[in-house]
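One structure is given below, encoded as structure tokens.
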Amino acid sequence: MAAIYQIKLNSERPLVKRYQGHWKLHKARDKTYFITHSSHRRLMESFPEAFQVLRVFQAKDIPAKILYPYESILHSLPTPEVQVEILAKALSEEKGGRIPTPVYLGRTDENIPKSFILDRPGGRRNYRWRLATTPPKLPLLKDKLKKLKHRVTDKDTQFVLSLGGGGLRMFAHASVMKILDLIDELDSIDEIWGCSGGAIAALMHSLGVAPEALETDGYDLYNERYDLILSPSKAQVLKNIAAEWFLPSNPFMLKGFIDIQNTIQKAMQRLAKNKKAKVPLYCIAYNLHKKRNEILTPMPVKKKDYGDLIHTVSAIDAVLASSSIPILYVPRVIKHGKTSHVYVDGGTAEEVPLVSVYRKWKIDQKKGLTKKKKLFILAVNLFPQVSGWKIFRSKLMRKLPFMDILKWSSHVADLMRRARIEDHLQILRDDPDVEVWELVLPAKGMGILDPKSIPTIISSAHNHFMRQLVAIEDGIGHQ
């Protein structure tokens, strides 16, 4: 299976070109071709008389070895069959006795200069490559992020990973955790905080679930292996509006269009079964009655230390409350003692946990609950845009007179949320004992509730978060 053949075509037959999707012919300068074992087998089955074999190589004996830069290691690695295919391509590019070195750039549709996509014959995966005439020197990721490793392992520093909200963009969080795992610092996280979808991702890490499992769940949702409706239909929207118009009670926006709590609760229970928290988990949720954000955690806390700032609830209640997006989803009702409290998505007031992290840390210092003198926060802002909700693009819904107002309000809300995050970042950066860095997922072309966006979300996170962490590495000590 690892053989590569150098062949000569007896004629440029039209049939050979017509069925090229069944095999790949890598043309060399001397007008011969290099093909892999699978292409050779298919050509033999269809056109045995159309070519002759000149030489046979074994992939393991080819002096050109595939290089995997640190930027590509988050991506799905090419299969062995694809690895042989790129070596056949490299052989076809031999010049002056030198075979170029294949450099793997990841499984991505990003348009990277001087690169090309190559998969096995008939394959449609976007494995992106570059052929280097001079083998590049590739640093190890651990060496590339030395200062970051030093910061998060400092005995006087509390390391907090803060995962922001963003609906289905939560699958991007796996990239950050995979990078920390690759530099052996995933276990250095002292606390993990989450809001909305970030709370779900935070729960998975808190329970010791591998980052790859989060991406797998994303692809399962993309491939419709879960029966989960994430956004309301036009009929549901019209029904809720009509009910509110003719039978007014509470504002329909607070009722929510969809009740997905049972479905998510079952998934969380399956996930949490027989598992105990390995990392302290804190979720941000907005208390509708008290009109403020609160911190919900499965960790035991004392009221005398935190007052009403932090409440101990089940991990599932904390996550469901934090991820109950206003307008879309039914709020979560949680009892504290005999009193019921209604919670919605914490992103209402703090989309990326920052100020709440800081307030808790200052209380911990004042009460002697921590000996850590410094705070290091790595915050992940998924930058979701409510104004990008696909229902705003519906021709039917756009005809309704109030939709323009609702879309405009959503756009203004997006701008206000971004400004609020900047304000929160500045509050923390004004404290010399706090270091906070932000990773941002680009907003363009990725819906927050459209499962079709999931592969793009994961691929974009692979590409952008690695680059941003390298940039953070350069900035550490100069903030």
**Study point:** Under the salt bridge (charged side-chain N to carboxylate O under 4.0 Å, His left out) test, residues paired with Asp119 that sit two or more places apart
**Key:** none

Point to revise | Flag if over 12 foreign heavy atoms under 6.0 Å of CZ, Arg467 | key: yes

Review point. Sub-3.5 Å donor-acceptor pair from the side chain of Trp23 to the main-chain atoms of Ile35, do we have one?
Key: no

Check your understanding: Does the side chain of Leu281 come within less than 4.5 Å of Pro298's, by heavy atoms?
Key -> yes

Check your understanding: Donor-acceptor pair, Arg120 side chain versus Glu81 backbone, under 3.5 Å?
Key -> no

Check your understanding: What residues, two or more places apart in sequence or in another chain, satisfy side chain to side chain donor-acceptor pair (under 3.5 Å) together with Tyr5?
Key -> none

Check your understanding: Is a side-chain donor-acceptor pair under 3.5 Å present for Tyr343 with Asn293?
Key -> no

**Study point:** Residue pair Glu438 / Asn381, side-chain donor-acceptor N/O under 3.5 Å
**Key:** yes

Point to revise | Distance-only donor-acceptor check, side chains Gln83 and Tyr104, under 3.5 Å | key: no

Side-chain donor-acceptor pairs under 3.5 Å in residues 85-102, sequence neighbours left out?
from  : atom 1 : to    : atom 2 : distance (Å)
Glu85 : OE1    : Thr36 : OG1    : 3.2
Glu85 : OE2    : His26 : NE2    : 2.8
Ser92 : OG     : Lys89 : O      : 2.6

Check your understanding: Could you give all pairs that pass the ring pair (Phe, Tyr, Trp, His ring centres under 6.0 Å) test and reach residues 169-216, with sequence neighbours left out?
Key -> Trp193-Tyr282

Review point. What pairs meet the side-chain hydrogen bond (donor to acceptor under 3.5 Å, both in side chains) rule with one or both residues in residues 55-75, with sequence neighbours excluded?
Key: Gln6-Arg55, His75-Asn463

Please tabulate, one pair per line, all N/O donor-acceptor pairs under 3.5 Å involving side-chain atoms of residues 176-187, not counting sequence neighbours.
from   : atom 1 : to     : atom 2 : distance (Å)
Lys178 : NZ     : Leu74  : O      : 3.0
Lys178 : NZ     : Glu215 : OE1    : 3.2
Asp184 : OD2    : Lys142 : NZ     : 2.6
Glu185 : OE1    : Ser188 : OG     : 2.5
Glu185 : OE2    : Lys149 : NZ     : 2.7

Review point. Going by atom types only, do Ser115 and Arg128 share a side-chain donor-acceptor pair under 3.5 Å?
Key: yes

Check your understanding: In terms of heavy-atom contacts, does CZ of Arg29 have more than 12 from other residues, nucleotides or ligands at under 6.0 Å?
Key -> yes

Check your understanding: Taking Thr312 for the side chain and Val301 for the main chain, is one N or O donor matched with an acceptor at less than 3.5 Å?
Key -> yes

